[in-house]
Chemist: 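The structure follows.
Chain letters run A, B, ... following the sequence lines, proteins first, then strands; residues in each count from 1.
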Amino acid sequence: MSEKSFYDKISSIDVRLIYVSIALVLSSVIINPIGMPITIGEHATNLYNFIEQLPEDSLILIGIDFDVGLYSEMGFSLEAIIKHISSRGLRFIALSIHMDGPVNWAKANSRIDFPSNYIYGEDYVYLGFIAGQETAQAAIASDLKKVVTSDFMGIPFSELPIMNGVENSQDFAFIIEVTGQGHNIDSTARQYGSMFNRPLAYAVAGAAIPLAMPYYPRLALAVLPSIIGAAQYEYLADVPSSALKATDAVSLAHIFLFGLLILSHIGFWGQLSKAKRSGGKIV
Amino acid sequence: MISSDIGVWVAGLLTLGILSILYGDSALSRLFAHIFIGSAAGYYMIQAINSLWKSGIIPLLSGNFIFIIPLVLGLSLFSRLIRGYAWVSRYGLALLTGVGTGLLFFTAIDAQLIQQILSVIAPVKGNFYDVLVSIIRVIFFIFPIFYFIFTIKPEKTMNKLIHAGKYAMMIGFGASYGALALSRLTLIINVLSFILKDWFGLGLATLIHALTYY
Amino acid sequence: MTAVPTLFKRKIPIAMTFIIALVVALQYGIEHPYIITSSNTLKIFGVVVSSIAIILASLTLVISQMGYVVKKKADYWVGGLASLIFFAIFFSVGLVRGIESVEWAWIQKNIFSACTTALMGVAGFLFVSASYRAYKAKNIDGYLLLASGLLVMLSNTPAAVVLWPTFGPIGKWIMSVLNTNVQRAILVTVALGTVATAIRTVLGWQRGYMD
């Protein structure tokens, strides 16, 4: 059996070695972040400026609709946005059409230090999971109080002052959809943006950025991209947290993947040219 | 400092069990995958029951007897489990499909067709660079559409347009791959952060402390 | 047993789909109180039926896991038993103690959330290995995909943007001009297909949803 060439060797590295390598490389910066600078994008700036100029009595609807496993991508955006909203004294109603929403709310709620004068039931409320995806969004946008009659803990709306006078989507100054799924992005644009002409913004997973961008700028005023957008928003809103700390790891992970792709292609192109010279094929 | 919370230890052991899938398929990794399946089924069922209680049962108990209709239609879905009576579920599915398609008709045409076309044909103004970008925008919008036209037999010119559309889509999908990389790499960071920080309490101070102690 | 007439099996469900879709769609253009009230009521009905559909889906999963245990399929029955045990834990805690309880919060955080996060982590690692093993540019399509992918990746790398600031604008330009308009084209074609399928479904020409 012929000996493996250099190109064969670099094309056939054991994947477990790759897993261990990337884990070790990222662990070093997770334990000890370096603090690399970041650049602020237009979407984070648009969203920040829009929330800054909202009148004080504004009510915002936040859709928490992402897998709990994607918390690092969108959960940090959610936390930064909520911190900004609460620091300005704006009110928000959060709900989920994704079943993992309640877990994400519990996680975000435990990590956010609300101002002492920001009271649950008066300034903010979480209505829990409502089944039906787009049907639920359409029902909420049309007549919220007929769809749900209590918050996620079962407290009736009569005991929640924030729900007074809230009927449908027209009562919301602004809608933020935090999601990683393409169909949620489309359904939000259809039901809130197209049907009721409400201002929208998205905080999306990396994989969903291309799916949300077509709605910018006509239907959505911002598309906050994954953990990078979260870090930018934390910086703008002056609420430094996990996303800013993770940017070093994000950088290093990308550099690792970049290097891996270059390595695999060097090996592949080397094998191709060797096969062409010897008149054979790569299997 | 390593966590003393039993919940974190349970979460950590489950995390390592599921990560063992990366080492190779084994009985242990399959066991943990099944634990996830069971947990997810239980969690989702409880969330659905809660949603049903809030949206369907409470209004019914409050005297809104019209809610018997969706409850009966929903229960008709269970007929799928009974051999020979699966057709009864069509009534529940008719409601879901009817509402779903009704919601789509005009909103899809507006949000996903008209608004998209208006975004592309936005008035061209500014300097030469802006005009060039607008032209590129139109090209990258129109050419991929040619790729999806299957009702015209592709001839010489059409073939060239289809190929141009394919190349435009490849550039677009490459960008999508770059965005996907951001997403997937963040997931790795998420799980490693939990293991290192939340479970083992590793941070610079802890590491230095451990080194000087030994 | 006498056969059920086609009227009940097929025609009435198709008619229901048509009427419901029409009423809901009309709300978009007609602001008559009867249309709005009927449409809103149908949407709320949809929410109720959807939640029952999720219960059915979870039940079907549990039944399939029970099948592994009862039939004692090698390798699977231990997994099936484990999934049933954890299903029982979540179901009983959720039903007896409620989702606002401390116990539910504990299992939600330390079991469900941990499993989901770990599974997503596995997906992340598999993405890296798949990129290494499977992604090989062989022709012009592959080179275009590789080039734009690498440029966008570099624009998402804060360290790279600090090293050479032009990476940022290049990547963002590719995303906002090239990729976005390709996605718009796909969105337009999908929308046309969606509306066509919706019309076919509502008119009863496409009955796949009934199976």
Chemist: For C:Val128, is it the side chain, the backbone, both, or neither that has a heavy atom closer than 4.5 Å to a heavy atom of chain B?
Modeler: side chain

Chemist: By a 4.5 Å heavy-atom criterion (distance strictly below it), what part of C:Thr117 contacts chain B: side chain, backbone, both, or neither?
Modeler: both

Chemist: Given heavy-atom pairs under 4.5 angstrom as the criterion, report whether the side chain, backbone, both or neither of B:Leu52 touches chain C.
Modeler: both

Chemist: Is it the backbone or the side chain of C:Phe127 that comes under 4.5 Å from a heavy atom of chain B, or both, or neither?
Modeler: side chain

Chemist: With a 4.5 angstrom heavy-atom cut-off, could you sort out which part of C:Gln27 is near chain B: side chain, backbone, both or neither?
Modeler: neither

Chemist: What part of C:Ile14 gets closer than 4.5 Å to chain B, counting heavy atoms only: side chain, backbone, both or neither?
Modeler: neither

Chemist: Side chains of B:Tyr43 and C:Phe91: closer than 4.5 Å at any heavy-atom pair?
Modeler: no

Chemist: At a 4.5 Å cut-off on heavy atoms, which part of B:Ala86 comes close to chain C: side chain, backbone, both, or neither?
Modeler: neither

Chemist: Is it the side chain or the backbone of C:Leu95 that comes within 4.5 Å of chain B heavy atoms, both, or neither?
Modeler: both

Chemist: Heavy-atom distances under 4.5 Å only: say whether C:Leu56 touches chain B with side chain, backbone, both or neither.
Modeler: both

Chemist: Against chain B, label C:Phe8 side chain, backbone, both or neither, depending on which of its atoms sit under 4.5 Å from a heavy atom there.
Modeler: both

Chemist: How about B:Leu19 and C:Phe125: do any of their side-chain heavy atoms sit closer than 4.5 Å?
Modeler: yes

Chemist: Identify the heavy atoms of B:Tyr177 and C:Gly149 that sit nearest to each other, and give their distance.
Modeler: CD2-CA, 4.5 Å

Chemist: Give the member of B:Leu81, B:Leu104, B:Thr97 that has the highest number of heavy-atom pairs under 4.5 Å with chain C.
Modeler: B:Thr97

Chemist: Parallel, tilted or perpendicular: which describes the rings of B:Phe106 and C:Tyr28, with under 30° parallel and over 60° perpendicular?
Modeler: parallel

Chemist: Which region of C:Leu146, side chain (C-beta onward) or backbone (N, CA, C, O), has a non-hydrogen atom less than 4.5 Å from a non-hydrogen atom of chain B, or is it both or neither?
Modeler: neither

Chemist: Evaluate the side-chain proximity of C:Ser83 to B:Ile35: yes if any heavy-atom separation is below 4.5 Å, no if none is.
Modeler: no

Chemist: Using non-hydrogen atoms and a 4.5 Å limit, figure out which bit of C:Ser50 sits close to chain B: side chain, backbone, both or neither.
Modeler: both

Chemist: When you look at CZ of B:Phe67, are more than 12 heavy atoms from neighbouring residues, nucleotides or ligands closer to it than 6.0 Å?
Modeler: yes

Chemist: Are B:Ser55 and C:Ile44 side-chain neighbours, meaning at least one heavy-atom pair lies under 4.5 Å?
Modeler: no

Chemist: Tell me, for C:Val202 versus chain B, whether the close heavy atoms (under 4.5 Å) come from the side chain, the backbone, both or neither.
Modeler: side chain

Chemist: Select one option (side chain, backbone, both, neither) describing which atoms of B:Ile66 are under 4.5 Å from chain C's heavy atoms.
Modeler: both

Chemist: Going by the angle between their ring planes, with limits at 30° and 60°, are C:Phe112 and B:Phe36 parallel, tilted or perpendicular?
Modeler: parallel

Chemist: Counting only non-hydrogen atoms closer than 4.5 Å, does B:Lys54 touch chain C with its backbone (N, CA, C, O), its side chain (CB onward), both, or neither?
Modeler: neither

Chemist: For B:Phe148, is it the side chain, the backbone, both, or neither that has a heavy atom closer than 4.5 Å to a heavy atom of chain C?
Modeler: side chain

Chemist: Sort B:Gln115 into side chain, backbone, both or neither according to what part of it lies under 4.5 angstrom from a heavy atom of chain C.
Modeler: neither

Chemist: Pick one of side chain, backbone, both or neither for B:Ile171, based on which atoms fall under 4.5 Å of a heavy atom in chain C.
Modeler: both

Chemist: So for atom CH2, which belongs to B:Trp53, do other residues, nucleotides or ligands contribute more than 12 heavy atoms lying within a distance under 6.0 Å?
Modeler: no

Chemist: Relative to chain C, which segment of B:Leu182 carries a heavy atom at a distance below 4.5 Å: side chain, backbone, both, or neither?
Modeler: side chain

Chemist: Between C:Val152, C:Ile186, C:Val182, which shows the greatest number of heavy-atom pairs under 4.5 Å with chain B?
Modeler: C:Val182

Chemist: Of the backbone (N, CA, C, O) and the side chain (C-beta and beyond), which part of C:Ser129 lies under 4.5 Å from a heavy atom of chain B, both, or neither?
Modeler: neither

Chemist: Distance from B:Arg90 atom CZ to C:Thr17 atom OG1, nearest 0.5 Å?
Modeler: 11.0 Å

Chemist: Less than 4.5 Å apart, side chain to side chain, heavy atoms only: is that true for B:Leu95 and C:Ile20?
Modeler: yes

Chemist: Quick one: what part of B:Ala179 sits under 4.5 Å from any heavy atom of chain C, side chain, backbone, both or neither?
Modeler: both

Chemist: With only heavy atoms counted, which part of C:Thr180 is less than 4.5 Å from chain B, the side chain, the backbone, both or neither?
Modeler: neither

Chemist: For C:Ile99, is it the side chain, the backbone, both, or neither that has a heavy atom closer than 4.5 Å to a heavy atom of chain B?
Modeler: side chain

